[in-house]
Amino acid sequence: ETGTITDYFVGFNRAAGANAQNDEADDLVTIVETGNNGDRYSQSYLKGYIGVGQSYTFSNWQGSGSDLTISVQTINLGSIPGTADVTISYGTVTDQPTQAPVTAAPSQAPVTAP
């Protein structure tokens with residue numbers, strides 16, 4: 001529930017059991033759009049699906065000027081149930097952490113002649 005007419009859902013389409021014979025997006029993360037503010041039945045639409053290392057971006061999220069990005073970090077099909085590790089980021093995202101500060105090695109202690 002977003003408080004808006006359009007809602008989005010992120011899911012993991014695990015192709016196992018009753019869901020083993022999917023037609024699309026087997027074992028991938030799905031992005032689904034629906035309407036009616038989450039209050040009642042609404043037609044849903046598959047906006048996209050992504051796998052490990054891929055992202056789906058909503059440009060200018062809700063007119064904010066910033067992007068909302070959904071990224072898949074890992075998918076584990078060996079666990080029961082299978083899982084997907086997903087990151088949702090808003091605004092500017094850097095892929096790499098900042099580098100630790102570099103400090104020079106300490107100088108040697110002064111030596112005095114006897």
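On a predicted model such as this, the values are computed, not experimentally measured, just so you know.
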Q: Against Val72, only a single residue in Leu28, Val52, Thr87 fulfils side-chain contact (heavy atoms from CB on, under 4.5 Å); can you say which?
A: Val52
Q: Side-chain heavy atoms nearer than 4.5 Å, only ILVMFWY residues, links allowed to pass through others: does that put Leu68 and Tyr45 together?
A: no
Q: Looking at Asn13 and Ala25, would you say the former's side chain and the latter's main chain have a donor-acceptor pair under 3.5 Å?
A: yes
Q: Within the 3.5 Å criterion, strictly below it, is a donor on Thr34 or Ser42 matched to an acceptor on the partner's side chain?
A: yes
Q: Roughly how far, to the nearest 0.5 Å, is OG1 of Thr30 from CZ of Phe9?
A: 11.0 Å
Q: Determine the minimum heavy-atom distance between Ala15 and Asp27, stating which atoms define it.
A: N-OD1, 2.8 Å
Q: Say you draw a straight line from OG1 of Thr69 to OH of Tyr56; how long is it, rounded to the nearest 0.5 Å?
A: 11.0 Å
Q: So, taking the atom named CD1 in Ile70 and the one named OH in Tyr8, what distance separates them when rounded to the nearest 0.5 Å?
A: 10.0 Å
Q: What heavy-atom pair brings Ala84 and Phe12 nearest, and what distance separates the two atoms?
A: CB-CD1, 3.7 Å
Q: Specify the closest pair of heavy atoms between Arg14 and Asn19, including all atoms of both residues, with the distance to one decimal.
A: O-ND2, 3.1 Å
Q: Is it true that atom CD of Gln21 has more than 12 heavy atoms of other residues, nucleotides or ligands lying nearer than 6.0 Å?
A: no
Q: Nearest 0.5 Å please: distance from the CG atom of Asp67 over to the OG atom of Ser89.
A: 10.5 Å
Q: Would you give the length of the straight line joining atom CG of Asn36 to atom CG of Asp7, rounded to the nearest 0.5 angstrom?
A: 9.5 Å
Q: Any link between Tyr41 and Ile5 through a network of hydrophobic side chains (Ile, Leu, Val, Met, Phe, Trp, Tyr) touching at under 4.5 Å?
A: no
Q: Could you tell me which non-hydrogen atom of Gln54 sits nearest to which non-hydrogen atom of Gly51, and how far apart they are?
A: OE1-N, 2.6 Å
Q: Ignoring hydrogens and angles, write down the donor-acceptor pairs under 3.5 Å from the side chains of residues 74-81, residues two or more places apart or on other chains.
A:
unit_1	atom_1	unit_2	atom_2	d
Asn76	OD1	Gly78	N	2.8
Asn76	OD1	Ser79	N	3.1
Ser79	OG	Asn76	O	3.4
Ser79	OG	Pro81	O	2.8

Q: For the pair Thr57 (side chain) and Ser59 (backbone), establish whether a donor and an acceptor sit closer than 3.5 Å, ignoring hydrogens and angles.
A: no
Q: Is any side-chain heavy atom of Ile31 closer than 4.5 Å to a side-chain heavy atom of Phe58?
A: yes
